There are 2 protein chains.
Amino acid sequence: MSLKYALLGFVDMMPISGYDLKKLFDSSVVYYWSATHTQIYQTLAQMAEEGLVDIEVVQQVEHPNKKLYTITDKGRQALREWITTPQELSIVRHALLVQISWADRLRTKEIVNLLDTYAQKLHQRLVLYQEESQLSPLQYARSKRERLLWQLTIDNGVAVYKAELQWAENAILQLRALENSTSSNLEKSHESE
Amino acid sequence: MSLKYALLGFVDMMPISGYDLKKLFDSSVVYYWSATHTQIYQTLAQMAEEGLVDIEVVQQVEHPNKKLYTITDKGRQALREWITTPQELSIVRHALLVQISWADRLRTKEIVNLLDTYAQKLHQRLVLYQEESQLSPLQYARSKRERLLWQLTIDNGVAVYKAELQWAENAILQLRALENSTSSNLEKSHESE
DNA sequence: CTGCCCATGTAAATGGTTACATGATTGA
DNA sequence: TCAATCATGTAACCATTTACATGGGCAG
């Protein structure tokens with residue numbers, strides 16, 4: 001369960017509440033994992049049971065009380081151990097590709113539309129990352145080395161999304177080319193074979 | 001739930017059993033989704049309840065009986081509708097990037113090791129896809145157009161994994177460069193700042 | 001006075017994996 | 001005789017999402 005260790009790393013930087021962890025996870029810098037507040041609160045509770053973190057309740061007047069989580073020695077040790085354990089390649093679940101593989105039922109126009117919508121979303125995401133990588137948490141890095149590591153995680157997102165974008169644009173070209181070649185001597189044909 | 005429609009597309013090609021669907025999903029051609037047999041059997045049962053598929057039990061002597069699933073008109077309609085519905089970008093859950101982001105605790109050698117192990121796995125996967133794309137189910141495509149679409153799903157995997165590979169190799173270079181620049185006038189230093 | 005921020009939680013459902021179970025056939 | 005293939009399933013668990021719940025402070 002990687003979420004546990006994603007959280008633990010932040011807790012190791014500073015005592016922090018579940019609420020603030022959620023905000024960090026929503027920032028695009030932590031693009032490589034996401035979680036709902038429900039899951040974060042529950043995972044933190046579980047980590048406390050396992051002795052990886054300690055809880056300190058901070059009384060507040062103008063706001064609801066908050067729980068600050070602090071890493072323990074056991075937590076620090078568990079984190080270090082997990083970090084060095086090789087992980088399997090992530091399992092791919094790519095809804096668009098499921099659609100593409102059965103899209104022969106659609107008109108070329110519709111398929112191109114699917115790909116184009118996808119490309120637009122990729123483009124938005126890319127812009128977000130490239131902007132974000134200039135500002136924000138990267139500056140809180142405690143060493144040049146840590147900043148490089150954080151930059152690398154963003155670079156990964158940029159690299160992957162750029163590859164997907166190129167793929168989508170190229171896919172559109174190939175589909176159009178096929179359409180032109182097969183319906184070249186027919187007016188507005190919708191036949192597929 | 002994309003699994004339902006991934007299954008439905010195959011069922012629309014030919015009457016097929018859960019067992020054979022599992023085999024298809026395990027072939028690397030369907031790289032974009034995976035499922036255990038448990039999940040496939042249960043999803044098929046659910047699809048039957050919803051009236052998307054019909055079940056025919058085939059009695060066998062030398063082997064256990066099997067259930068052949070056939071698509072219904074309702075199923076065909078549901079599939080077409082889902083295919084044209086734009087999906088959100090997949091949620092990224094990238095365990096290696098969680099490790100990288102907290103890896104300042106490790107020696108450069110250990111980080112490089114992580115990246116290198118990852119790169120090797122990517123390489124294996126890439127070889128698999130590029131081999132597989134020549135043989136196998138691609139030949140069962142019912143039209144030139146369908147074959148192009150299936151090829152595109154494989155191309156996507158190849159493109160993404162190539163991008164990740166380049167990223168990993170580049171990351172190793174950057175880490176080594178940083179190490180050389182910061183410990184240039186120290187013998188075997190392990191300091192990070 | 002509307003809606004967002006602060007801050008945490010419970011309950012229920014969905015999606016997915018792992019373990020356990022059966023039992024005949026076939027090839028090394 | 002050992003393991004794999006054929007073929008399906010249940011039960012329990014883990015991971016994650018969605019919906020529901022509370023309640024004061026603060027800005028437009």
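Every value quoted in this text rests on a predicted model; they were computed, and no experiment measured them. Below, chains carry the letters A, B, ... as their sequence lines are ordered, and counting in each starts from 1. Computed over heavy atoms, backbone and side chain alike; hydrogens, waters and symmetry mates excluded.
- Contact annotation: side chain of T38(A) to base of dT18(D), donor-acceptor pair present below 3.5 Å.
- Here R142(B) does not pair with D104(A) in a salt bridge; the nearest charged N to carboxylate O distance is not below 4.0 Å.
- Distances shorter than 4.0 Å separate none of the side-chain N or O atoms of R93(A) from OP1 or OP2 on dG15(C).
- In this model, the phosphate group of dC6(D) is approached by a side-chain N or O of K23(B) to a distance below 4.0 Å at OP1 or OP2.
- The side chain of Y41(B) contributes no N or O atom lying less than 4.0 Å from OP1 or OP2 of dG9(D).
- With sequence neighbours excluded, no residue satisfies side-chain contact (heavy atoms from CB on, under 4.5 Å) with L173(B).
- Counting distance only, with no hydrogens placed and no angle test, the side-chain atoms of H37(A) and the base atoms of dG9(C) include a donor-acceptor pair under 3.5 Å.
- Between Y19(A) and dC6(C) there is a side-chain N or O to OP1 or OP2 distance below 4.0 Å.
- Between dA7(D) and Q60(B), a contact under 4.0 Å exists linking OP1 or OP2 to a side-chain N or O.
- S17(A) comes within contact range of the sugar-phosphate backbone alone, with a heavy-atom separation under 4.0 Å but no base atom that close.
- For Q39(A) and dT17(D), the shortest distance from a side-chain N or O to OP1 or OP2 is below 4.0 Å.
- Nearer to the 5' terminus of DNA chain D, by closest-nucleotide assignment, is the contact made by P64(B) (compared with the other of Q46(A) and P64(B)).
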